[in-house]
Each structure stands twice: as C-alpha cells, then as structure tokens.
Number of protein chains: 2
Amino acid sequence: MNYKTVIVDDHPIVISGIAGLLSDLENIVIVEKFESGVALLEYIEDHKVDLILMDIFLPVINGVDLCKTIKQKYPKMVIIGMSSQSERSLVMQFIQNGGNGYVLKNASFDEFKDCIYKAIEGEIVFSEEVKTIISQPLSEELERIPSLSRRERDIALLLSQGKSTQEIADDLFLSFLTVQTHRRNILQKYKMKNVAELIAFLLKNNLLN
Amino acid sequence: MNYKTVIVDDHPIVISGIAGLLSDLENIVIVEKFESGVALLEYIEDHKVDLILMDIFLPVINGVDLCKTIKQKYPKMVIIGMSSQSERSLVMQFIQNGGNGYVLKNASFDEFKDCIYKAIEGEIVFSEEVKTIISQPLSEELERIPSLSRRERDIALLLSQGKSTQEIADDLFLSFLTVQTHRRNILQKYKMKNVAELIAFLLKNNLLN
DNA sequence: CATTTTTTACCTGATATCAGGTAAAAAAAA
DNA sequence: TTTTTTTTACCTGATATCAGGTAAAAAATG
C-alpha cells in the first residue's frame, strides 16, 4: 500500500531536501508540497492524503493550530511536526492537538525513516533530540528553580482555582494576613509581578499539582 | 541481557497481576516489588535497576514526583507509568518529568509487552487507550469551549506575562478603559472569577499561544 | 542540639482589579 | 447588504492586591 504524503514548509529548500530523503522510502509517495497551511487545507478538502509532514513555524496559521484543525475533520490522517530548534512545551502542545510525532530537521535519515514508519503504524514518535528535550528540563533548567513549600503549593493551587485571599484563608483555616504573607513570599521567590504571571509560570514548569 | 525490573503499586493484588504477566517475558526479571515510593527510593540507592513499572496514584509521594526524583539521579533508568483511569494532563506531566511511557492497567498483555520492549529500546510509549486520551480533547471537550478573539488573545497573553491593565494598554496602544472592557469580557466568556483562574484555564486548555 | 526553613500573624498605604452600567465605530459573517 | 461580532471607549464604586516593614512559634535539617 502506498501512503500519499504531503510536505508543508515555508522554505522551498527544506521542502526539496525532505522530498529527496523521502523519495527513497518504499510505500511513501509524495503527492504534493505546500508553502502554507491554507493551501494544504484547501487541498485535503478534495484529495486523499495519508501522511503530512509539516513545519511548525508557518506564516498565517502555525503548525499546532493547523494540526488541530486537520485532526478535527480527519482524525486518521498521520501528522508529523518538524522544526529546526524546539522547546518542550511546543512539542507537548503539538501532540495534545493530535500530532502523531515530532522530528527535528537535523535528524538523521534513519531517524526520519524510523519515525515515519512507526507513526504510520500508530505509534507516537519523537526523534532522539526531541526525546531528550522533552525530559531534560530536569537537569539544568529545573535545578535552579526553587520549589514551593507544602503550604505555598496549597495556596498557589487555590489561587489557580480563582480563590481570593479571604477564601483561601477560610479554606485552610488561616488568618487572612497569613495567606497574604504567603502570597507575597511566593511572588518574591519567583520574582513574579502578580498572580497571573505566577500561575502561568508554575503551570509551565509543572510546579503546581 | 536481563533487565532488572521493579514494580511499585499500593495494591498487592495489582502487583501480583503484573508480575504474572511479566514472568512470561524474556529478558525481564522482576527483582523486587514495592507498595510505596519511599521504599523504592531506598532500594535503588544500592541495587541496580533497569526498568520500573509504577502506579501513578501512590500514597505519600505520587508517581509523577517519584519519577522526577529518580530520573534526576538515574537518567538512564526506564520508567513506565500505570493507572486505571487517566486524564491527558497527567500523562503529559509524567512524560515531561522523564517518564518513558504510560500504560493503562486494562491494556492487553500484548500491549504491555510491546510497550515494555519499545521503552527499553528508547521509545516513548503509550498504550492504545492512552494515545486516544492524549489527542481527544478535540472531539467533545474543546468544541463547547468558546474561543478568544484575536484582541482577547493578545490581552490574555500579556496578562499571563504579568502585565497590568495600564501596561497592556501602553503595549497595544489602547485606552486603559478599553483593556479593562476586554478583561471583563474574557472573564465573563469563561465564567472565571479573576485572571489567575483565567490563565490556569487557558493554559490547561491550550487556548493561549 | 543548634541552625535554618517554614508557617503563622499583624500593620499601613498606594495602586489595581472587578462588577455594574452604556455605546459607537469597525470589521466580519450571513 | 443587512446582521452579528469585535473592537474601541467612558464612568463609578466596592473590594482586592501588592509592596513595605516586623516577628514569633513550629517544624525540618544538619
């Protein structure tokens, strides 16, 4: 069986590079190449496509939203995201929006090949470097981030649920003033301007919950 | 080569069940079973372990934190998370904290086997049901959540960066009062009490960025 | 056992948020 | 082109947050 494959990337050079790599693969047939997500969306309306390799950084529609849109209509389409550099949260977002895998553009031919075949078989795949990116904030990044004390985490959690200082005090049987002190300590600890920034920071760094 | 394997679960029945499944697998040798994370942490201090199968819902230390702690010291250890039911954010959190895979306990014997072998080979693996959970907020959940307008998203993004109403107004060349109106509209749209709850909601539902 | 960290608590004042209302351009969708 | 949504803007008052300072138990760590 042949997998009808489409490449989306706003750099023509990259398109031809990937096309070259894929041309050697059995069962993979490149049926079309696009430089924008809009053009892709139009194409899949009336053409059968099995596999999409897409750049994440695209003009107008970004890769994550593009993937989400496509998957809502065509859940069975296999979509692999690509980018040159990458950060953890972006990869996770792509997968949460239906992506079947994520590959860095500097991945070796074998990695590309492996990822594509495994994705077609239903796996969720990552190239080697992506795997390390996903699970490595542990070593460098996270070590210099101070952690919340138990009480601080309790309070931060209630803050993320929209509770006011008074409500938190009531919930935890504390004085209003105590909760106020904790709030300030947490903000100072991470050098945050207000709770909004704090909650965003804590969630992105998995310090909450 | 034999993979020294440890099972952690607070239900003895589950431990024996998994042990039974794994006993048939080649190369997998169960060297120890634990009912708590603390006991596991002590054990790995002075015993070689290659693979850990752990329940996510554990008393005292939860599976996510346990995984994180272990991976900081022993990055090469392969850790697979398990649970009976699961939700998307939990799985993602586990992987972001170094987990090599996530399997639902109702997975078939073949799924378990596949996942374990692939994880040992360096893949990040999910059982079938987990895969659908990861990428399915698209169908039901997300459809009834209203989306932000462009301006609202701009403002929400700046809010998540800790900016005040005045700062946002300056950034976007708008009146203070206009930004105030947008803020209120966003809060009303999602029925949120304040920006803290709003930011948490938007981030969890990938509506920001 | 001594030291450090955490948790508790109070006071004050400036500034910001939130909730209520209204309304008119501008842009997008039907 | 009409209708709807979005974006812009103003007013007021009650309440909440944030930043500054201080300090003493309690718990955890070395």
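Since this is a predicted model, take the numbers as computed values, not measurements. Below, chains carry the letters A, B, ... as their sequence lines are ordered, and counting in each starts from 1.
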Side-chain N or O of B/His182 versus OP1/OP2 of D/dT8: is the shortest distance under 4.0 Å?
yes
For B/Arg150 and D/dT6, is the shortest distance between a side-chain N/O and OP1 or OP2 below 4.0 Å?
no
Pairing pattern in dot-bracket form [Watson-Crick, G-U; both distances under 3.5 Å; | = partner strand] for DNA chain C:
||||||||||||||||||||||||||||||
How does protein reach along nucleotides 9-19 of chain C, written 5' to 3' as B (base within reach of a heavy atom under 4.0 Å), S (only sugar-phosphate), or - (no contact)?
BBB-----SBS
How would you list all residue pairs meeting salt bridge (Lys or Arg N to Asp or Glu O under 4.0 Å) that involve residues 46-62 of chain B, not counting sequence neighbours?
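Listed by first then second residue: B/Lys48-B/Asp50, B/Asp55-B/Lys105.
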Using a strict threshold of under 4.0 Å (side-chain N to carboxylate O), is an ion pair present between A/Glu128 and A/Lys131?
yes
Tabulate below the donor-acceptor pairs under 3.5 Å that side-chain atoms of residues 32-39 of chain A make, not counting sequence neighbours, or state none.
unit_1  : atom_1 : unit_2  : atom_2 : d
A/Ser36 : OG     : A/Val38 : N      : 3.4
A/Ser36 : OG     : A/Ala39 : N      : 3.2

Among residues at least two apart in sequence or on other chains, which ones pass side-chain hydrogen bond (donor to acceptor under 3.5 Å, both in side chains) with B/Thr165?
B/Arg183
Check salt bridge (charged side-chain N to carboxylate O under 4.0 Å, His left out) between B/Lys4 and all other residues, then give those that pass, not counting sequence neighbours.
none
Taking salt bridge (charged side-chain N to carboxylate O under 4.0 Å, His left out) as the test, write out the residues that go with A/Lys73, two or more places apart.
A/Glu45
Taking only residues two or more places apart in sequence or in another chain, which ones pass ring pair (Phe, Tyr, Trp, His ring centres under 6.0 Å) with B/Phe201?
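By the ring pair (Phe, Tyr, Trp, His ring centres under 6.0 Å) rule, B/Phe201 matches B/Tyr190.
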Sequence-distant partners of A/His47, ring pair (Phe, Tyr, Trp, His ring centres under 6.0 Å), two or more places apart
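For A/His47, the residues satisfying ring pair (Phe, Tyr, Trp, His ring centres under 6.0 Å) (neighbours in sequence not counted) are A/Tyr43.
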What integer distance in Å separates A/Asn185:CG from C/dT6:C1'?
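Between C1' of C/dT6 and CG of A/Asn185: 9 Å.
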